[in-house]
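In the text below, chain A, chain B and the rest are named by the order of the sequence lines, each starting its count at 1.
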Amino acid sequence: MAEAITPRATDYSQWYLDVIKSAKLADYSPVRGCMIIRPNGYALWENMQAALDGMFKETGHENAYFPIFIPQSFLAKEADHVEGFAKECAVVTHSRLKVDDEHGLIADPDSKLEENLIVRPTSETIIWDTYSRWIQSWRDLPILMNQWANVVRWEMRTRLFLRTMEFLWQEGHTAHATEQEAVDETLTILDIYAKFAEEYMAVPVIKGVKTASERFAGAVETYCIEALMQDGKALQAGTSHFLGQNFAKAFDCKFQNKDNELEYVWATSWGVSTRLIGALIMIHSDDQGLILPPRLAPKQVALVPIYRKDEDMQVVLAAAAEIEKELKAAGIRIFVDDRDGFRPGWKFNEYEVQGVPIRLALGPRDVANGTVEVARRDTGEKQSMSREGLADSIAELLESVQQGLFDSALAHREENTRSTDSYDEFKQILDEKGGFVSMHWDGTAETELRIKEETKATIRCIPLEGYEEDGVDPVSGQPSKSRVLFARAY
RNA sequence: CGGGGUGUAGCGCAGCCCGGUUAGCGCAUCUGCUUUGGGAGCAGAGGGUCGCAGGUUCGAAUCCUGCCACCCCGACCA
């Protein structure tokens with residue numbers, strides 16, 4: 001046994017870190033809280049990017065790129081925004097190093113910058129400064145823009161993928177002539193996020209609205225998708241913000257409308273990050289390691305050739321090459337592991353730990369019989385399949401794995417979503433079972449805060465659908481118009 | 001920032017209380033032979049400023065002082 005993965009039941013946090021390490025997704029860096037994304041992790045991210053990017057473009061968005069440095073003064077322009085981000089900004093103050101006799105290498109005092117630069121924690125400010133120059137007329141609108149970038153937030157406590165000081169994400173920033181158009185955009189993106197999570201990641205999500213206290217700094221309304229992890233904790237998987245005219249006012253971004261009047265521009269911003277990889281790991285994987293949904297898996301199928309003698313090797317590798325060609329032609333991402341210095345058992349284990357959805361084993365016996373051994377990672381089932389029509393069988397199996405992962409994640413969420421009208425029962429559910437708890441809430445920040453302080457549970461969202469009903473908040477005794485979803489969260 | 005912990009080979013650790021030959025062990029690595037349908041076996045080899053800086057001592061990984069870093073648990077967050 002090279003490295004053991006801590007079982008989930010023993011220590012869920014350690015299990016999560018062990019899975020990342022043994023699947024070679026990421027590594028720690030010399031700098032606290034930063035993460036090295038290894039090829040296995042990055043390939044996964046690239047597949048996520050490709051799918052999302054396609055959906056953004058289909059809905060009329062274009063990619064651009066803005067600088068990593070933002071003048072410090074920009075951050076000060078939107079009051080809520082600065083309050084939200086000021087405490088976690090990396091600040092660049094000098095432009096040079098020099099060797100000092102006493103202290104070694106130091107920032108050269110003579111190179112102190114005229115104005116400090118902030119390493120972007122998000123790009124609203126620099127983008128709205130730019131939009132104020134780009135937008136004059138209603139003809140300049142809308143602007144539907146996205147960027148793939150890295151951002152830095154100086155977090156106090158970090159966790160690989162879930163919260164790192166630097167992370168990769170996409171941030172969309174759109175500008176509109178009317179409030180309705182901006183709200184519609186916010187919801188269009190929310191739908192894209194939910195579709196991506198469910199159809200590609202096989203992660204069921206709940207669409208909802210954040211409460212005022214959980215809202216993005218500078219937003220009028222924050223919409224989100226929330227997912228439930230295997231340990232019963234919730235994770236915010238993506239957010240889409242309706243920014244109103246807040247940033248337009250802060251950066252004096254006005255346009256002349258068809259009636260010849262000056263109006264402030266309406267805004268949205270939205271993002272998902274490498275945190276999604278964390279969600280993927282926590283939702284599907286098991287004590288043996290990572291489990292990847294086929295649609296995002298960099299390797300969908302790994303073929304392990306088995307042979308003893310040299311003449312067997314020739315025959316087996318030739319058959320493996322045929323299978324490879326056949327499956328590739330059918331658009332399946334297959335990898336033939338013909339490395340000689342590793343034994344089959346070792347390879348079986350490697351692909352299991354790395355979450356490859358389907359593993360094929362091909363030995364002299366199979367070649368003689370015209371079969372191949374097929375093992376699926378999610379259920380562990382093994383079967384012998386005929387080489388006849390193999391590409392179709394595998395494609396079907398991949399779909400079945402994809403659907404199976406979604407179904408079991410959904411079943412888990414449903415089993416762990418409970419409704420209550422009693423605060424005592426609410427606490428009991430959180431302590432004994434975890435998961436989502438649906439309860440009435442009077443809509444006040446006071447009650448929300450009290451519940452958070454007493455139970456560590458937060459309102460994950462006010463779901464968009466299916467939770468409206470008249471009732472009473474059991475904590476305050478005040479009337480309520482809708483249930484909301486509470487959970488302890490990452 | 002508060003609480004706890006850890007720094008010794010690439011990784012994981014022992015040794016430290018009670019100072020004393022050449023600082024050990026497991027995994028990994030390299031070489032050779034045998035192996036190959038579920039993480040191979042045997043034999044050999046390489047690899048260390050014991051976190052950093054002072055101090056005590058004939059002698060410090062070990063005792064003392066100071067510093068630094070990282071990890072875990074809380075408050076904050078995509």
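- Across B:G41 and B:G2, the matching P atoms stand 50 Å from one another, rounded to whole Å.
- Residues of residues 295-315 of chain A having a heavy atom closer than 4.0 Å to RNA chain B, listed by number: A:I306, A:Y307, A:R308.
- RNA chain B is contacted by A:R359, A:A361, A:G363, A:P364, A:R365, A:D366, A:E373 of residues 355-378 of chain A, taking any non-hydrogen atom closer than 4.0 Å.
- Distances were taken from every side-chain heavy atom of A:T239 (C-beta onward) to each of B:A78, B:U36, B:A75; the shortest belongs to B:A78.
- Only the P atoms considered, B:G59 is 38 Å distant from B:G3, to the nearest whole Å.
- Comparing the C1' positions of B:U35 and B:C16 gives an interatomic distance of 44 Å, to the nearest angstrom.
- Using bins of under 30°, 30° to 60° and over 60° for the plane-to-plane angle, the ring pair A:F56/A:W270 lands in the tilted bin.
- Partners of A:N63 according to the side chain to side chain contact (heavy atoms under 4.5 Å, CB included) rule, which considers only residues two or more places apart in sequence or in another chain, are A:D53, A:K57, A:N146, A:W148.
- Among the nucleotides B:C11, B:C71, B:C77, the one closest to the side chain of A:K21 is B:C11.
- Between the side chain of A:R275 and the main chain of A:L162, a donor-acceptor pair closer than 3.5 Å is present.
- A:R488 places a side-chain N or O within 3.5 Å of a backbone atom of A:T455 that can act as its donor or acceptor partner.
- Centroid-to-centroid, the aromatic rings of A:F251 and A:Y131 stay 6.0 Å apart or farther.
- Taking the 5.5 Å centre cut-off and the 30° plane limit, the aromatic side chain of A:W169 is not classed as stacked on B:A78.
- In this model, a side-chain donor or acceptor of A:K382 finds a partner on the base of B:G38 within 3.5 Å.
- With respect to A:E373 and A:R365, no salt bridge is recorded, no charged nitrogen being found less than 4.0 Å from a carboxylate O.
- Scored by the side chain to side chain contact (heavy atoms under 4.5 Å, CB included) test, A:T93 finds A:V91, A:K112, A:N116 as partners (sequence neighbours excluded).
- Of the candidates B:G37, B:A78, B:C72, B:C72 carries the atom nearest the A:Y28 side chain, counting heavy atoms from C-beta on.
- Which of B:C72, B:A40, B:C77 sits closest to the side chain of A:E155 comes down to B:C77.
- Separation of the C1' atoms belonging to B:A28 and B:G10 is 7 Å when rounded to the nearest angstrom.
- Spacing of P atoms, B:G26 relative to B:C18, comes out at 30 Å, to the nearest Å.
- Note on A:S269: nothing from the nucleic acid sits closer than 4.0 angstrom, heavy atoms only.
- Residue A:E350 is classed as having no contact, given no heavy-atom separation below 4.0 Å to the nucleic acid.
- The ring of A:Y200 has its center no closer than 6.0 angstrom to the ring center of A:F406.
- Aromatic ring centres of A:H81 and A:F247 lie closer together than 6.0 Å.
- The side chain of A:K452 places no N or O atom within less than 4.0 Å of a non-bridging phosphate oxygen (OP1 or OP2) of B:G74.
- Less than 4.0 Å separates RNA chain B from no heavy atom of any residue of residues 198-225 of chain A.
- B:C25 and B:U21 are spaced 16 Å apart, taking the P atom of each and rounding to whole Å.
- With 3.5 Å as the limit, one finds a donor-acceptor pair spanning the side chains of A:E454 and A:Y423.
- Using P as the reference atom, B:G24 and B:G46 are 13 Å apart when rounded to the nearest Å.
- When atom types are taken as modelled, the side chain of A:Q230 and the backbone of A:S285 share a donor-acceptor pair closer than 3.5 angstrom.
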- Query: What dot-bracket string describes RNA chain B from 5' to 3', counting Watson-Crick and G-U wobble pairs whose defining distances are under 3.5 Å, with [ ] for crossing pairs and | for pairs to another strand?
  - Reply: (((((((..((((......[...)))).((((((.....)))))).....(((((..]....))))))))))))....

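- In this structure, the separation between CZ on A:R159 and CD1 on A:I20 is 8.5 Å, given to the nearest 0.5 Å.
- Residues A:W346 and A:F348 keep their aromatic ring centres 6.0 Å or farther apart.
- Within the 4.0 Å cut-off from OP1 or OP2 of B:A40, at least one side-chain nitrogen or oxygen of A:R343 is found.
- Only the C1' atoms considered, B:C63 is 8 Å distant from B:U56, to the nearest whole Å.
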